[in-house]
Amino acid sequence: MTIDLTDTTTGAIDSALNEARRRLGGMTLGMVLTLIIVTDEAAQYDAIRSANQAAREHPCRILAVIARRPKADSRLDAEIRVGEASPGETIVLRMYGPLGQHADSVVAPLLVPDVPVVTWWPDEGPEMPAKHPLGALAQRRVTDSAASDDPYETITALASAYQPGDTDFGWTRATPWRSLLAATLDQAHPAITAGEVGAEQGNPTADLIAAWLTARLGVPVTRAVSAGPGITSASFSTAEGDITITRADGRTATLAWPGRIDRMVSLHRRDTAELLAEELRRLDPDEVYHETLNQVLINALPPEPPEPAEPDEGGVTRV
Amino acid sequence: MEEPNAGDQGPAPANPGVFAAAGDPVNPLRDPRDRRIPRVAGPCVMVMFGVTGDLARKKLMPALYDLANRGLLPPGFSLVGFARRDWEHEDFTQITYESVKEHARTPFRETVWQQLAEGVRFVPGEFTDDEAFDKLAETVKQLDAERGTGGNYAFYLSIPPKFFPTVVEQLKRSGLSDPGPADESGKTPWRRVVIEKPFGRDLETAKELNAIVDAVFPAHSVFRIDHYLGKETVQNILALRFANTLYEPVWNRGFVDHVQITMSEDIGIGGRAGYYDGIGAARDVIQNHLLQLLALTAMEEPVSFDADSLRQEKEKVLSAIRLPADIAEGTARGQYSVGWQGGRQVLGYLDEDGIPADSKTETYAAVRLAVDTRRWAGVPFYLRTGKRLTRRMTEIAVLFQRAPHLPFAATDTKELGKNALVIRVQPDEGVTVRFGSKVPGSAMEVRDVNMDFAYGESFTEASPEAYERLILDVLIGDPPLFPRQEEVELSWRILDPIEEFWAEHTKPDQYVSGSAGPASADAMMARDGRAWRRL
């Protein structure tokens with residue numbers, strides 16, 4: 001059922017929730033977390049939909065926070081959805097006027113007691129997620145650097161501002177690739193001397209994978225630019241030839257290994273709900289992400305020397 | 001923040017099996033703290049015997065597809081089917097395709113199927129046919145060369161035990177079972193063999209069966225599948241008991257009155273007459289599933305969760321089990337008769353196709369066992385299983401003693417039963433705690449209420465199915481969830497005297513299909529002043 005409350009207070013929202021729960025015959029499903037979504041009117045539909053899907057794996061209370069018309073008088077409108085798309089509860093909070101600057105005062109009383117809080121910015125996030133009032137309430141703060149205008153700059157800024165509990169969809173998207181790369185190196189292989197990750201321009205995931213490989217393998221891993229979609233290749237140079245994984249269509253990758261027949265591996269791009277579900281699976285600080293971000297900062301340190309033009313390759317490298 | 005209970009084990013390796021079993025040099029891309037990267041099996045070939053059977057089509061193939069879809073199979077993973085059918089490779093691919101499409105739990109993706117299908121081969125032949133096995137050996141060698149499977153083979157024997165001797169002998173003769181010499185880095189490829197229950201029909205046959213497999217494969221490479229142990233809730237018993245402080249203090253004779261472990265089915269024997277008659281409910285279910293559940297419920301805390309420690313504790317508790325002094329008093333068995341089950345009229349056991357009219361095989365069995373340890377002295381464990389009962393349900397119920405003193409008027413607590421902790425294994429997986437609570441109102445009246453934890457309807461979609469988990473564990477070489485031969489033998493030692501007594505002295509009591517079992521089972525509980533939980 002959906003309940004609309006206009007010009008309301010958190011107290012009234014809380015009683016409406018209790019009433020709704022009572023009328024639905026009591027919800028037996030325990031909620032495992034509160035998910036705060038900081039979004040706007042244009043993006044809220046997709047974000048809530050993905051969150052509802054992820055909530056099937058992680059039953060939660062979803063608080064969607066939307067700031068509207070900053071010049072208007074302060075007002076709080078709430079839309080409560082219970083017993084519909086997801087096993088948990090969804091509350092869309094629209095904050096008008098100066099109240100938009102004090103969203104935490106609305107959200108804090110509505111957090112589910114005793115369980116963790118996750119804040120998610122589906123679009124452009126704050127520069128310092130942990131310092132944002134809604135980020136400070138959360139154990140886990142999820143941004144998406146790919147949604148910003150300059151993803152590389154964003155990921156570098158996030159790296160400088162990193163606090164335990166920060167995470168980014170750019171990193172989440174890397175998991176299937178990282179998993180495949182790790183599985184590839186589970187096989188006996190010749191020593192690796194260098195690596196390269198190819199992706200379309202402005203793909204933070206490729207930057208993160210390259211930084212991760214540099215940090216873990218201790219060899220230079222360059223970043224090549226291709227036409228996409230997403231990440232298109234990753235390769236390791238060895239004395240016996242290159243071990244290469246290419247994915248041209250965003251779905252199936254081919255693993256080429258010197259002296260062996262090429263093998264196909266499914267490596268499909270995941271949708272937002274899957275990414276969010278992965279983020280909600282573990283809520284402790286991601287130390288490997290932290291180390292990878294440090295590597296991103298190290299890579300960014302020396303001012304890039306002007307690259308000799310390589311028109312035949314068309315590639316821009318960023319070591 | 002300090003973590004007082006972190007233990008000195010340090011962080012668990014993310015992929016214990018990958019490191020320990022394969023003895024790999026450490027892969028720099030793997031880090032125990034990196035828990036996003038899932039456990040992925042190493043390069044290998046799975047050779048499946050009996051690939052045309054029901055289990056293979058409905059469970060094993062779909063589980064392999066689901067593993068591939070989740071990205072948990074290594075690049076180059078290959079599957080070789082072996083069966084006595086005159087099939088072409090394409091027929092096999094087609095059949096597999098259809099069964100995967102129908103039974104897989106994750107969404108069907110053509111690209112994932114393509115990837116899997118590339119590594120699928122079929123070898124037709126009789127188990128006695130030397131040539132077919134030579135062909136099989138050739139096929140896997142070819143896969144090693146083409147797909148980099150590294151000479152690692154898992155043999156899945158999804159076939160009746162009577163074929164084990166022939167197949168195992170053939171594997172030896174064709175050289176398939178021999179991992180060969182170590183390569184230049186000192187690494188020997190692995191061989192693993194997977195067998196399904198029944199592990200014999202008594203202690204003697206279990207030993208014979210083991211001797212056959214043992215002659216060719218070393219004990220650590222034999223994986224016995226008890227699919228119950230792959231279930232999330234069963235693994236959660238360990239988390240519930242050993243990750244919390246709440247339960248352990250009351251998990252003993254000081255607080256527990258008794259324990260009931262139930263597995264009830266609503267279906268009859270279906271098409272399994274040939275297998276079931278002469279085996280019966282106790283051998284089919286109690287010997288493996290229920291005794292494993294009992295072991296996990298009653299065992300002491302293992303020093304770690306590695307396979308050896310866990311199995312050691314299970315073996316300790318199994319060896320401490322004592323039978324009732326009078327087996328007639330402490331057991332019950334029954335056979336379903338004509339009746340109505342779930343709104344449909346159904347046949348009695350003796351009327352089923354392929355069952356002799358004078359069959360003494362039981363379809364319901366209940367036993368009372370004692371565990372002779374300080375923790376459990378005097379606490380009976382009641383195990384029951386049956387077919388064609390009220391509904392399908394598996395649970396472990398720990399029932400606590402009544403409070404020693406109730407400072408209420410007797411009428412206030414009339415409706416108060418025993419506190420209970422119930423681990424629901426299936427269908428509705430979760431945990432229930434039952435305790436007394438005041439009924440709202442001006443009078444003091446205490447009544448039983450439930451506090452429920454459910455995994456949620458769709459949690460099951462995200463979590464792996466039992467076979468998925470177990471196949472992955474086999475390929476990784478992670479054995480804690482597989483019982484070893486000692487456990488199998490200990491379980492038969494418990495059941496054999498009961499079966500002998502039953503065979504000599506009793507015949508199964510009839511119970512109406514759709515009921516909760518024979519009256520003799522209720523009488524057995526009543527003699528102890530207790531009652532079965534309602535199904």
Side-chain angles (χ1 to χ4, degrees), chain A residues 28-30 32 53-59 86-88 171-172 174-176 178-189 192 212-213 215-218 245 249 251-255 257 259-268 277-279 281-282 284-292, chain B residues 14-15 18 22 24-25 27-43 68-78 109-119 145-150 183-185 187 430 450-463:
Chain A
T28 51
L29 199 70
V32 297
Q53 275 168 10
R56 286 198 209 131
E57 187 178 329
H58 311 277
S86 83
W171 178 242
T172 322
T175 304
R178 295 197 305 123
S179 173
L180 177 60
L181 290 167
T184 307
L185 295 196
D186 275 343
Q187 306 171 54
H189 57 83
I192 291 161
W212 173 66
L213 288 173
R216 304 303 302 187
L217 299 174
I245 300 169
D249 61 355
R251 278 199 292 275
T252 315
T254 309
L255 170 62
W257 189 290
R260 289 191 193 150
I261 289 181
D262 288 358
R263 282 168 275 165
M264 266 169 36
V265 194
S266 123
L267 194 65
H268 59 95
E278 176 179 323
E279 279 311 325
R281 220 161 278 154
R282 296 238 157 77
D284 53 336
D286 188 338
E287 294 165 42
V288 178
Y289 174 58
H290 186 196
E291 288 167 12
T292 305
Chain B
N15 288 300
V18 171
D24 279 335
N27 179 346
L29 297 187
R30 294 214 181 266
D31 183 330
R33 297 166 308 157
D34 193 346
R35 296 187 300 178
R36 289 172 190 266
I37 299 190
R39 307 190 314 157
V40 176
N69 205 359
R70 295 180 207 275
L72 301 180
L73 291 182
F77 172 83
S78 306
R109 288 197 186 94
E110 201 66 34
T111 51
V112 177
W113 168 253
Q114 284 301 331
Q115 171 206 348
L116 197 62
E118 263 187 4
E146 279 177 16
R147 298 177 57 82
T149 40
D183 63 5
E184 55 283 12
S185 60
K187 229 176 84 183
N450 279 348
M451 191 159 73
D452 244 353
F453 165 73
Y455 278 111
E457 38 163 3
S458 293
F459 185 87
T460 46
E461 183 188 310
S463 72

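Side chains included, hydrogens not; waters and symmetry mates left out as well; all remaining heavy atoms used.
In terms of modelled atom types and a separation under 3.5 Å, the side chain of Arg263(A) and the main chain of Pro75(B) share a donor-acceptor contact. Arg216(A) places no side-chain N or O within donor-acceptor distance of the main-chain N or O of Leu29(B), the cut-off being under 3.5 Å. A distance-only check finds a donor-acceptor pair linking the side chain of Arg282(A) to the backbone of Arg35(B) [under 3.5 Å].
In this structure the side chain of Met264(A) never reaches within 4.5 angstrom of the side chain of Thr111(B), judged on heavy atoms. Residues His290(A) and Arg33(B) fail the side-chain proximity criterion, which asks for heavy atoms closer than 4.5 Å.
Counting heavy-atom pairs closer than 4.5 Å to chain B, the top residue among Arg260(A), His189(A), His268(A) is His268(A). Note on Ala145(B), Gly76(B), Gly119(B): by heavy-atom pairs under 4.5 Å with chain A, the leading option is Gly76(B).
For chain A, the nearby part of Glu118(B) is the side chain; its heavy atoms alone come within less than 4.5 Å. Proximity to chain B is absent for every atom of Trp257(A), based on heavy atoms less than 4.5 angstrom apart. Only the side chain of Leu180(A) comes within less than 4.5 Å of a heavy atom in chain B; its backbone stays farther off. Residue contact with chain B, scored on non-hydrogen atoms closer than 4.5 Å, involves the side chain of Asp284(A) exclusively. Contact annotation for Arg178(A): both backbone and side-chain heavy atoms come within less than 4.5 Å of a heavy atom of chain B. If you measure heavy-atom distances from His58(A) to chain B, you find no contacts under 4.5 Å at all. With a 4.5 Å cut-off on non-hydrogen atoms, Leu255(A) touches chain B through its side chain but not through its backbone.
Here the closest non-hydrogen pair linking Gly71(B) and Ser179(A) is O-OG, 4.3 Å.
Partner of Asn27(B) under the side-chain contact (heavy atoms from CB on, under 4.5 Å) criterion, chosen from Thr184(A), Leu181(A), Asp186(A): Asp186(A).
Between Arg147(B) atom CZ and Asp262(A) atom CG the span is 11.0 Å, to the nearest 0.5 Å. Between the CG atom of Asp34(B) and the OG1 atom of Thr292(A) there is a distance of 8.0 Å, given to the nearest 0.5 Å.
No more than 12 heavy-atom neighbours from other residues, nucleotides or ligands sit within 6.0 angstrom of CZ on Arg251(A).
A salt bridge between Glu278(A) and Arg36(B) is present, with a side-chain N of the basic residue lying under 4.0 Å from a carboxylate O of the acidic one.
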